Amino acid sequence: MEWKFKSFSELNSLELYKILQLRINVFMLEQDCLYPECDNKDLKGHHLFLSDENLCLAYARLLPPGVSYPENSSIGRVVVHPEVRQHKYGKELMKRSIELLKLKFPDVPIRISAQEYLKKFYTELGFQIESDVYLEDDIPHLEMTLY
């Protein structure tokens, strides 16, 4: 297994395929959300993922300030492959994502749109709730920020 951190242009075609495959299988099929997966933000961000024998096990998209939020960087499309969720890769994925964004944008808060059921997970990582619950793709979400 290997953690990789790449800009969009650095991704090879198989890596991109496996990332999109995981995102579509979890967000669109497992969570039954129909939305534009290819939203052009991938082009502007960096991609952190755990790869094992051509399988994407965990993934997060890291975006600079001004892409999703005017004054904040952001972490999105956070996903762990269903077959390995018991290994707690999600926490390691988020810790690595936070570390990378803090290195790249040291004094910039990190903002996320978190599924409400993961509120405890994100607050344990230091994120603070910044909004009331709202629906995004028919799933309850919260805006959260790490300062």
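The chain is numbered in sequence order, starting from 1. Quantities reported herein were computed from a predicted structural model and do not represent experimental measurements.
With H87 contributing its side chain and Y89 its backbone, the two residues share no donor-acceptor pair below 3.5 Å. Within the 3.5 Å criterion, the main-chain N or O of E15 finds a donor-acceptor partner in the side chain of N12.
Residues L20 and Y17 do not share a hydrophobic cluster, defined by chaining ILVMFWY side chains whose heavy atoms lie under 4.5 Å apart. No chain of hydrophobic side-chain contacts below 4.5 Å, direct or via other Ile, Leu, Val, Met, Phe, Trp or Tyr residues, connects L16 to L63. One hydrophobic cluster holds both L48 and L50 under the rule that ILVMFWY side chains link at heavy-atom gaps under 4.5 Å.
Nearest heavy-atom pair across L101 and I75 is CD1-CG1, 3.4 Å. Considering all non-hydrogen atoms of both residues, P64 and G45 come closest at CD-CA, 4.3 Å. Summarising the geometry of Y134 relative to S113, their closest heavy-atom pair is OH-OG, 2.5 Å, with the distance given to 0.1 Å.
For the residue pair R77 / Y59, no side-chain donor-acceptor distance below 3.5 Å is found, with atom types taken as modelled. A donor and an acceptor atom, one from each side chain of Y69 and T145, are nowhere located under 3.5 Å apart. A donor atom on one side chain and an acceptor atom on the other are found under 3.5 Å apart for S68 and K41.
Using a 4.0 Å cut-off between charged side-chain N and carboxylate O, K44 and D39 make no salt bridge. Under the 4.0 Å criterion applied to side-chain N and carboxylate O atoms, R111 and E71 are not assigned as salt-bridge partners. Of the charged side-chain nitrogens involved, at least one lies within less than 4.0 Å of a carboxylate oxygen, so that K91 and E124 count as a salt-bridged pair. Ion pairing between a basic and an acidic side chain is recognised when a charged N comes within 4.0 Å of a carboxylate O; E92 and R96 show such pairing.
Q86 is linked by a side-chain contact (heavy atoms from CB on, under 4.5 Å) to nothing, counting only residues two or more places apart in sequence or in another chain.
Checked against the 6.0 Å centroid threshold, H46 and F5 count as a close aromatic pair.
Grouped with Y147 in a hydrophobic cluster is no other residue, since no side-chain heavy-atom contact under 4.5 Å to another Ile, Leu, Val, Met, Phe, Trp or Tyr is found.
The distance from the CD1 atom of I112 to the NE2 atom of H141 is 9.5 Å, given to the nearest 0.5 Å.
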